[in-house]
Engineer: 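Dropping a structure here in structure tokens format, bear with me for questions.
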Amino acid sequence: MNPLALTIFLLSLAIGTTITLSSFHWLLAWVGLEINTLAIIPLMTKNPHPRAIEAATKYFLTQAAASALVLFSSLISAWQTGEWNLNSLTDLPVNILSIALMMKLGLAPLHFWMPEVLQGISLPTGLILSTWQKIAPMALLLQTSHLINLNLTIALGLTSILIGGWGGIGQTQLRKIMAFSSIGHLGWIIIVLKFDPQLSLFSFMLYIIMTAAMFMSLTTISATKMLEISTSWSKTPTLTTTTMLILLSLAGLPPLTGFAPKLLITLELIKQSATLLAATIMFISLLALFFYLRLTYIVTLTLSPNTPNSLLTWRTTSTSYSMTAIVNSMALILLPVTPTLMLL
């Protein structure tokens, strides 16, 4: 792609998210979401493959439907209250808006577009779709969290954790596995949104760090299938080891970064007398733990045959590897500083 065009699209992504984050007016928030949607579609189709075109079309239709619902709900609210402020929603508009924003995030049962779209695009674009594109809708949900229906968030959160674990078990494509991983993590974030928005924001930040680290690692070793990740040790032994640890962090195992949000969300639910709900989501999360451990096993305990040591390449000097190493470190060792991050 032309560097000038690529710069314009990336700047548009940044501007769209910034407009939504800084808006107090529903029309401005909607404009930011639309700019975000339209800016990423050329990035999806920069490799003119039928699968990429199909992914971009599915993404556009889903996001356009969700944006129409956002505009519709804000119009109803303005008609009823005479105000366009983010916090002036009444019962019906806030339910429609919540469903629209959760569709944009890819939460179950509105998740069907997410695995298909992610599978059809490249890993760098998948990184943007799984992290940056989630910021604007999540910011709107956080700003309206005190108005959202509690039963709706619990129902969609539980469904997302279940689908995120169940859907990922039968996959061999790493991008689809990351899509179901994203659905499961967002389920954890949404389920505690009404109880503690600050904890939801903290969990979302850690989700972005861990997902970005995983995508950057997969991009560096050029792996999109389980078969390719199983032979990655001979290419980059150091990176393969950190990839294994990132998978365990995504699974939420201590003492890695991913353990912090699961622990804090569980404690918050117990504090809110929702012990049965906390036990249920922990039990359902075992499904996701299974496919993370399976990937870990494939990465570390299987070696490609006949690979002499002389062919091992230790790529530790390139700029892209350095950036990947920094993000990987953040995805692994942030657990000890969790109290400090929560205070911020």
Side-chain angles (χ1 to χ4, degrees), residues 86-87 89 91 94-95 97-99 101-102 105-109 111 134-135 137-166 180-211 248-290 292 330-344:
L86 292 185
N87 294 321
L89 293 171
D91 288 341
V94 80
N95 287 334
L97 177 86
S98 302
I99 290 169
L101 292 175
M102 289 173 186
L105 287 169
L107 284 160
H111 68 285
K134 310 279 188 195
I135 293 174
M138 181 57 71
L140 291 176
L141 277 178
L142 286 166
Q143 288 180 74
T144 56
S145 60
H146 59 289
L147 303 169
I148 292 175
N149 186 341
L150 177 62
N151 293 328
L152 180 66
T153 58
I154 289 176
L156 266 73
L158 265 175
T159 312
S160 298
I161 296 169
L162 178 62
I163 296 295
W166 208 345
F180 284 109
S181 167
S182 173
I183 293 165
H185 278 91
L186 287 170
W188 277 87
I189 293 164
I190 290 297
I191 214 163
V192 80
L193 180 66
K194 183 79 173 177
F195 297 120
D196 191 346
Q198 187 182 3
L199 177 55
S200 280
L201 176 60
F202 172 71
S203 303
F204 182 64
M205 287 165 54
L206 292 188
Y207 155 78
I208 285 180
I209 291 170
M210 292 187 294
T211 305
L248 294 178
S249 184
L250 282 166
L253 297 181
L256 303 169
T257 301
F259 178 62
K262 285 189 167 55
L263 174 67
L264 294 172
I265 289 170
T266 306
L267 290 174
E268 179 64 28
L269 290 175
I270 292 169
K271 191 172 76 175
Q272 298 287 345
S273 301
T275 311
L276 183 61
L277 177 61
T280 305
I281 62 174
M282 283 193 290
F283 182 71
I284 296 172
S285 293
L286 293 176
L287 290 168
L289 178 64
F290 171 77
Y292 286 126
M330 292 173 66
L332 296 177
I333 59 172
L334 285 184
L335 181 64
V337 296
T338 295
T340 310
L341 293 173
M342 286 297 289
L343 285 174
L344 294 175

Engineer: Looking at every heavy atom in both G187 and S160, which two are closest together, and how far apart are they?
Structural biologist: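 Here G187 and S160 meet closest at CA-CB, 3.7 Å.
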Engineer: Which atom pair, heavy atoms only, marks the closest approach of I161 to S285?
Structural biologist: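 Looks like CG2-OG, 3.9 Å.
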Engineer: Please test M138 against I190 for side chain to side chain contact (heavy atoms under 4.5 Å, CB included), starting from the C-alpha separation and ending with a verdict.
Structural biologist: CA-CA 9 Å; M138 181 57 71; I190 290 297; 4.2 Å; yes
Engineer: CD1 of I209 to OG1 of T257: how many Å apart, nearest 0.5 Å?
Structural biologist: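 I209 CD1 to T257 OG1: 7.5 Å, rounded to 0.5 Å.
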Engineer: Would you name the heavy atoms of L250 and M210 that are closest together and state the gap between them?
Structural biologist: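 Looking at all heavy atoms of both residues, the shortest contact is CD2-CB, 3.8 Å.
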Engineer: Quick one: pull up CG in L101 and NZ in K134 and give me the separation to the nearest 0.5 Å.
Structural biologist: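 Answer for the CG-NZ pair, L101 versus K134, is 12.0 Å.
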Engineer: Check whether any side-chain heavy atom of I163 sits under 4.5 Å from a side-chain heavy atom of F180, and report yes or no.
Structural biologist: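 When only atoms from C-beta onward are counted, F180 and I163 do touch, with a gap below 4.5 Å.
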Engineer: Between M102 and H111, does the side chain to side chain contact (heavy atoms under 4.5 Å, CB included) criterion hold? Intermediate values first, please.
Structural biologist: CA-CA 9 Å; M102 289 173 186; H111 68 285; over 6 Å; no
Engineer: To the nearest 0.5 angstrom, please state how far the CZ atom of F195 sits from the CD1 atom of I265.
Structural biologist: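 Those atoms lie 11.5 Å apart.
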Engineer: Side chain to side chain contact (heavy atoms under 4.5 Å, CB included), that's the test. Do F204 and I135 meet it? Break it down for me.
Structural biologist: CA-CA 9 Å; F204 182 64; I135 293 174; 4.1 Å; yes
Engineer: Working to the nearest 0.5 Å, report the span between CG of L150 and CD of Q272.
Structural biologist: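 Reported to 0.5 Å precision, the distance equals 9.0 Å.
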Engineer: State which residue, out of L147, N151, T153, fulfils the side chain to side chain contact (heavy atoms under 4.5 Å, CB included) condition with N149.
Structural biologist: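 Testing N149 for a side chain to side chain contact (heavy atoms under 4.5 Å, CB included) against L147, N151, T153 leaves exactly one candidate, N151.
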Engineer: Of all heavy-atom pairs between I183 and A108, which one has the smallest distance, and what is that distance?
Structural biologist: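 That would be CG2-N, 4.2 Å.
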Engineer: If only atom types and distance count, is the side chain of S249 paired as donor or acceptor with the main-chain N or O of A331 below 3.5 Å?
Structural biologist: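 Answer holds: yes.
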Engineer: To the nearest 0.5 Å, what is the distance between OG on S98 and CG on L152?
Structural biologist: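 Going from OG on S98 over to CG on L152, the span is 5.5 Å.
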Engineer: Please find the pair of heavy atoms, one from I191 and one from L158, that lie closest to each other, and give the distance.
Structural biologist: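 Reported closest heavy-atom pair: CD1-N, 3.9 Å.
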Engineer: Could you pull out the closest heavy-atom pair between S200 and V192, with the gap in Å?
Structural biologist: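 Heavy atoms only, the tightest pair is OG-CG1, 3.3 Å.
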Engineer: Would you give the length of the straight line joining atom CG of L335 to atom CG of L206, rounded to the nearest 0.5 angstrom?
Structural biologist: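 So the CG of L335 and the CG of L206 are separated by 9.5 Å.
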Engineer: Out of the candidates I270, L269, L264, only one should pair with T266 under the side chain to side chain contact (heavy atoms under 4.5 Å, CB included) rule; please name it.
Structural biologist: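 By the side chain to side chain contact (heavy atoms under 4.5 Å, CB included) criterion, T266 pairs with just one of I270, L269, L264: I270.
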Engineer: Kindly indicate, with the supporting measurements, whether the criterion side chain to side chain contact (heavy atoms under 4.5 Å, CB included) is fulfilled by N87 and H146.
Structural biologist: CA-CA 9 Å; N87 294 321; H146 59 289; 3.2 Å; yes
